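These notes concern the structure reproduced below.
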Amino acid sequence: MKFASLLCFAVLLVQAWDTASGQTVHGTVTDRTTGEPVGYANVYIEDTDRGTVADGRGIYTIETGAATPDHTLSFNCIGYDTCTVRLRDIPQDGTFDALLTPVPQDIEEVTVVPVKTRLRRLGNNFKSPLMEAVHSDSLATGAEFGTIIKIKKRTWLEEVRINILRCSYDDLVLRLNIYGRDDTGQFVNILRHPIYASVPRTDEPATVTISLADLHIMTEDDILVAYQCIDCSPTGEIRFPIGLTGARSLVRPHQGAAWGDTEWSFRFPINIIARVER
């Protein structure tokens with residue numbers, strides 16, 4: 001009887017995993033406190049290249065690919081703790097609804113000190129069409145493209161600017177992420193709330209400008225400024241001017257993956273306008 005029970009458990013475990021392995025997991029991402037959907041939450045399978053972003057209603061779908069039962073499916077968004085679940089624990093129908101717990105936001109005291117500054121542009125300001133990077137069709141995968149901004153003195157961030165050559169998407173939305181390094185040297189997001197930017201459909205060069213002045217972000221260390229593709233129409237393309245010199249750029253397939261150098265060490269056209277201490 002004991003052997004039969006163990007055999008039955010093993011069969012059920014295999015059946016539960018077979019519904020998820022190489023197939024689809026889907027569901028909603030919701031605020032545990034309010035019950036409201038968490039739009040554009042990051043969804044990814046740790047230690048794999050599988051990642052996506054929930055839509056504006058918190059609905060997500062992700063293909064598990066070659067992931068194993070021991071792989072972890074993670075959900076995160078700025079302002080929330082990360083929610084995780086083992087793939088083996090997902091129901092047979094592949095449905096999993098994630099509940100994200102809000103992180104209390106402490107209000108930091110701001111001390112205003114008279115400081116002489118000068119306005120500077122930091123990063124890459126490529127505009128020439130001689131070299132370009134092309135993103136096409138569906139971009140709602142959570143992929144991130146960033147540029148490291150070198151900081152030498154106290155610096156207050158005013159604007160982020162991303163140059164584009166043209167865009168044929170009807171509704172392309174990017175999320176801005178700004179990372180500093182923690183005590184272990186890992187990049188961590190320093191923003192307290194998500195920042196989104198719409199990219200206009202255009203056949204002419206344009207600049208996407210995102211204001212940061214009201215956030216009063218000051219840094220004395222290097223930062224990584226990245227844009228993340230989170231929503232767009234099913235078809236289209238966007239073209240960016242790129243270069244081979246300038247501030248180093250990094251990419252990753254989703255927020256749970258490690259950052260890596262771009263192909264052929266291309267540099268992305270991301271720059272900031274900042275007030276730098278004299």
Side-chain angles (χ1 to χ4, degrees), residues 12-13 16-17 19-21 23-65 67-109 139-144 173-180 182-184 186-198 214-215 217 226-232 252-258:
L12 288 175
L13 184 61
W17 171 244
T19 62
S21 180
Q23 297 185 25
T24 302
V25 179
H26 56 90
T28 59
V29 186
T30 304
D31 185 305
R32 181 186 295 275
T33 302
T34 66
E36 295 295 320
V38 180
Y40 306 125
N42 295 293
V43 183
Y44 55 87
I45 301 175
E46 295 182 6
D47 301 318
T48 75
D49 61 356
R50 297 282 172 169
T52 188
V53 172
D55 67 15
R57 299 168 295 168
I59 299 172
Y60 77 93
T61 299
I62 186 169
E63 302 293 330
T64 61
T68 71
D70 289 325
H71 274 96
T72 298
L73 181 62
S74 293
F75 304 81
N76 71 31
C77 191
I78 296 174
Y80 293 90
D81 283 330
T82 298
C83 170
T84 62
V85 61
R86 292 279 187 180
L87 289 180
R88 68 167 69 252
D89 296 326
I90 293 174
Q92 293 186 29
D93 65 358
T95 300
F96 181 80
D97 296 328
L99 297 176
L100 298 190
T101 301
V103 176
Q105 298 291 336
D106 296 328
I107 300 177
E108 297 181 355
E109 181 179 348
L139 284 175
T141 62
E144 281 191 275
V173 180
L174 304 179
R175 175 161 50 208
L176 176 70
N177 294 312
I178 302 178
Y179 300 91
D182 63 13
D183 294 337
T184 66
Q186 299 297 311
F187 285 115
V188 293
N189 205 323
I190 64 175
L191 295 178
R192 292 177 176 270
H193 304 283
I195 298 176
Y196 302 105
S198 296
D214 292 342
L215 301 182
I217 299 175
Y227 65 87
Q228 184 180 22
C229 306
I230 62 170
D231 199 9
C232 65
R252 63 176 176 176
H254 57 75
Q255 285 216 337

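Bear in mind that the values here come from a model prediction, so they are computed numbers and not experimental data.
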From [X] [atom1] over to [Y] [atom2], what is the distance, rounded to the nearest 0.5 angstrom?
X	Y	atom1	atom2	result
Arg88	Leu73	CZ	CG	14.5 Å
Arg57	Glu36	CZ	CD	14.0 Å
Leu174	Ile230	CG	CD1	7.5 Å
Leu87	Thr72	CG	OG1	7.5 Å
Ile45	Ile62	CD1	CD1	4.5 Å
Gln23	Asp93	CD	CG	11.0 Å

Quick check: closest heavy atoms across [X] and [Y], and the distance to 0.1 Å?
X	Y	result
Val173	Ser198	CG2-OG, 4.4 Å
Gly180	Ile190	N-CG2, 3.6 Å
Cys229	Val53	O-CG2, 4.5 Å
His71	Asp47	NE2-O, 4.2 Å
Pro194	Cys77	CG-SG, 4.4 Å
Asp31	Val38	N-CG2, 3.5 Å

- Query: Do Val43 and Thr61 come within less than 4.5 Å of each other through their side chains, counting heavy atoms only?
  - Reply: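 Heavy-atom side-chain distance check fails, nothing below 4.5 Å.
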
- Message: Any non-hydrogen side-chain atom of Ile195 less than 4.5 Å from a side-chain atom of Arg175?
- Response: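 No, side chains not in contact.
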
- Whether Asp97 side chain and Thr28 backbone form a donor-acceptor pair below 3.5 Å: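 Pair found, side chain donor or acceptor close to backbone of Thr28.
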
- Message: Donor-acceptor check, side chain of Glu144 to backbone of Gln228, threshold 3.5 angstrom: yes or no?
- Response: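 No: the side chain of Glu144 does not pair with the backbone of Gln228.
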
- Run the numbers on Thr184 and Asp182 for side chain to side chain donor-acceptor pair (under 3.5 Å), then give the verdict. CA-CA 5 Å; Thr184 66; Asp182 63 13; 2.7 Å; yes

- Message: As a quick check of understanding, evaluate side chain to side chain contact (heavy atoms under 4.5 Å, CB included) for Arg86 and Asp70, giving each step before the final call.
- Response: CA-CA 6 Å; Arg86 292 279 187 180; Asp70 289 325; 4.0 Å; yes

- If the plane angle is over 60° it's perpendicular, under 30° parallel, otherwise tilted; pick one for Tyr60 and Phe75.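 Tyr60 and Phe75: perpendicular rings.
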
- Item | Results of side chain to side chain donor-acceptor pair (under 3.5 Å) for Ser74 - residues two or more places apart only |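 Residues passing side chain to side chain donor-acceptor pair (under 3.5 Å) with Ser74: Glu46.
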
- Side-chain donor-acceptor contact under 3.5 Å, Asn189 with Gln255: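 No, Gln255 and Asn189 have no side-chain donor paired with an acceptor closer than 3.5 Å.
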
- Does Arg252 make a cation-pi contact with Tyr179, if we ask for NZ or CZ under 6.0 Å from the ring centre and within 45° of the axis?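 Checked: cation-pi criterion met.
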
- Item | Trace of the side chain to side chain contact (heavy atoms under 4.5 Å, CB included) decision for Arg50 with His254 | CA-CA 7 Å; Arg50 297 282 172 169; His254 57 75; 5.6 Å; no

